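Reviewing the structure listed below.
As the structure lists them, so they are numbered: ligands from 1, and atoms in each ligand from 1. For clarity, every value in this text was computed on a predicted model and none was experimentally measured. In this chain, numbering begins with 1 at the start of the sequence shown.
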Amino acid sequence: MPGTILVTGGAGYIGSHTCVRLLERGFEVVVADDLSNSSAAAVDAIARLTGCQPSFEQVDLTDIEALGGVFERHAIEAVIHFAGLKAVGESVAEPLRYYRTNLLSTFNLLDLMARHEVFDLVFSSSATVYGDPEQLPIPEGAATGPTNPYGRTKLMIEDICRDVAAADPRWRISLLRYFNPVGAHPSGDLGEDPRGVPNNLVPFVMQVAVGRRDQLRVFGADWDTPDGSGVRDYIHVLDLAEGHLAALEHIDAGCDVFNLGTGVGASVFDVIKTTENVSGKAVSYEVVDRRPGDIATSLADPSKAIRDLEWRADRSLEVMLADAWRWQSRHPNGFDS
Ligand code: NAD
Ligand code: UD1
């Protein structure tokens, strides 16, 4: 099976962990990333951890000429498409930038793939396409209804992929809806390095534990959940990375969609307590109002991926947070330290 995989956004958080697993499995990897939300140091870390050097192409996917050059220079056999903008709040403030970047990048990629007769694609979608879910745990057949421009770009790209695959039977596309990716490589030398104030819970909690921020704000303790705080399906980034290899190995004609989650929920207070246990540090917090757009609970039904991809996410919350803490404590300021 190994061949040459183009990993768009491969210098980013999930992409870099997936590159590690691909290289370990014997694939050749070409990373295409404009470094708009990542660092070349991540590519160096991938090479150090695996002893294999991925090819690195610093290109903006919205530039079709530049991306075309990548296809000219490398004999790409399949693509994993992570590149894109992903901050929900920013997408509400700058919708055009989100639609333009995420959609145009994908149009360019699909065009070039067809032109070069590359028809295998794995795409990063998100549980955010379900909006406020009607049922829990959430199966792939549940109603979709994203509540922000970021989520709408994901659903639009899913629909575009379905139409493209329906029009030409050579396409084989796997849409992966991630739940809440957290954690880091167990070496402590590769992890999530958000720019500015983290939007997501785990990076924020880690920065409080390491002393970079004073206090976590818990967005509501009056939700309809066992302890009143929000419940999410956290998944270790390496389990998620392995899900991409499973998707590539089991890729089938047409376009299929899979939830990648654990099916196990954890609350904000569970995350705080477990972080305190694994780090030995106190995590100071205050309960504040709910964050606009938040939901009480998000939980995957991962049974389709378990059955069809022969993949299962089994790393526990303790392992996720212990690995995140190792990365944070060894690199308190991310790749710059
Ligand atoms: P990330 O920001 O760390 O990685 C995305 C990478 O894409 C970055 O390295 C960035 O520099 C690059 N990029 C952005 N725009 C680009 C462009 N126009 N051309 C080339 N490169 C570009 O994000 P991540 O957390 O690793 O997420 C990867 C993918 O998974 C994204 O598509 C995201 O929407 C999706 N996703 C992420 C999460 C999550 O919680 N992290 C959840 C669900 C889905
Ligand atoms: C966010 C995104 C969602 C994306 C998902 C996975 C928003 C509104 N939604 O959702 O589109 O698919 O990440 O990347 O950004 N929390 C706090 N304090 C904080 C941060 C978070 O209490 O400082 C709480 C939240 O209210 C929630 C939980 O922690 O209950 C997890 O939050 P977060 O990590 O932002 O993930 P999601 O809300 O699932």
Using a strict cut-off of less than 4.0 Å between a Lys/Arg side-chain nitrogen and an Asp/Glu carboxylate oxygen, indicate whether Glu242 and Arg21 qualify as a salt bridge. yes
Lys/Arg-Asp/Glu bridge criterion (N-O < 4.0 Å) met for Arg172, Asp252: no
Could you check whether any heavy atom of Ser125 sits closer than 4.0 Å to an atom of ligand 1, since that is the contact criterion I want to use? yes
Donor-acceptor pair between Asp270 and Ser267 side chains, under 3.5 angstrom: yes
Counting heavy atoms only, which of Leu201, Val287, Val88 is nearest atom 8 (C) of ligand 2? Val88
Any idea how Phe82 and His244 line up, ring-wise: parallel (<30°), tilted (30 to 60°), or perpendicular (>60°)? tilted
Would you say Lys154 contacts ligand 1, with heavy atoms under 4.0 Å as the rule? yes
Considering only heavy atoms of Val59, which atoms of ligand 1 have at least one such atom less than 4.0 Å away? 19 (N), 20 (C)
Polar atom proximity, Phe82 to ligand 1 (N or O, under 3.5 Å): yes
Taking both backbone and side-chain atoms of Leu61, is any N or O found less than 3.5 Å from an N or O belonging to ligand 1? yes
Pairs of nitrogen or oxygen atoms closer than 3.5 Å, one from Tyr150 and one from ligand 1: do any exist? yes
N/O separation below 3.5 Å, Tyr178 to ligand 1: no
Please state which protein non-hydrogen atom is closest to atom 4 (O) of ligand 1 and give its distance, to 0.1 Å? Gly12 CA, 3.5 Å
Does Arg312 pair with Asp314 as a salt bridge, N-O distance under 4.0 Å? no
For the pair Glu72 and Arg115, find out whether any cationic side-chain nitrogen is under 4.0 Å from an anionic carboxylate oxygen. no
Using distance alone, determine whether Asp34 and ligand 1 share an N or O pair under 3.5 Å. yes
At a non-hydrogen distance cut-off of under 4.0 Å, which region of Arg217 contacts ligand 2 (side chain, backbone, both, or neither)? backbone
Indicate, as side chain, backbone, both or neither, the part of Leu35 found under 4.0 angstrom from ligand 1 when only non-hydrogen atoms are considered. backbone
Near Asp60, which atoms of ligand 1 are under 4.0 Å from a heavy atom of that residue? 17 (C), 18 (N), 19 (N)
May I ask you to decide whether Glu158 forms a salt bridge with Lys154, counting only side-chain N to carboxylate O separations under 4.0 Å? no
Below 3.5 Å, N or O to N or O, backbone or side chain included: is there any such pair between Ile14 and ligand 1? yes
Could you establish whether Phe269 and ligand 2 come within less than 4.0 Å of each other, counting only heavy atoms on the residue side? no
Within ligand 1, which atoms have a heavy atom of Ala83 less than 4.0 Å away? 7 (O), 21 (N), 22 (C)
Salt bridge check: are Arg290 and Asp222 linked by an N-O gap of less than 4.0 Å? yes
Does Lys273 pair with Glu276 as a salt bridge, N-O distance under 4.0 Å? no
Between Ser36 and ligand 1, which residue portion shows a heavy-atom distance shorter than 4.0 Å: side chain, backbone, both, or neither? both
Could you check which of Tyr13, Tyr150, Tyr130, Phe219 puts a non-hydrogen atom nearest to atom 22 (O) of ligand 2? Phe219
Gly151 heavy atom under 4.0 Å from ligand 2: no
Report the nearest protein non-hydrogen atom to atom 24 (C) of ligand 2: residue, atom name, distance rounded to 0.1 Å. Val268 CG2, 3.6 Å
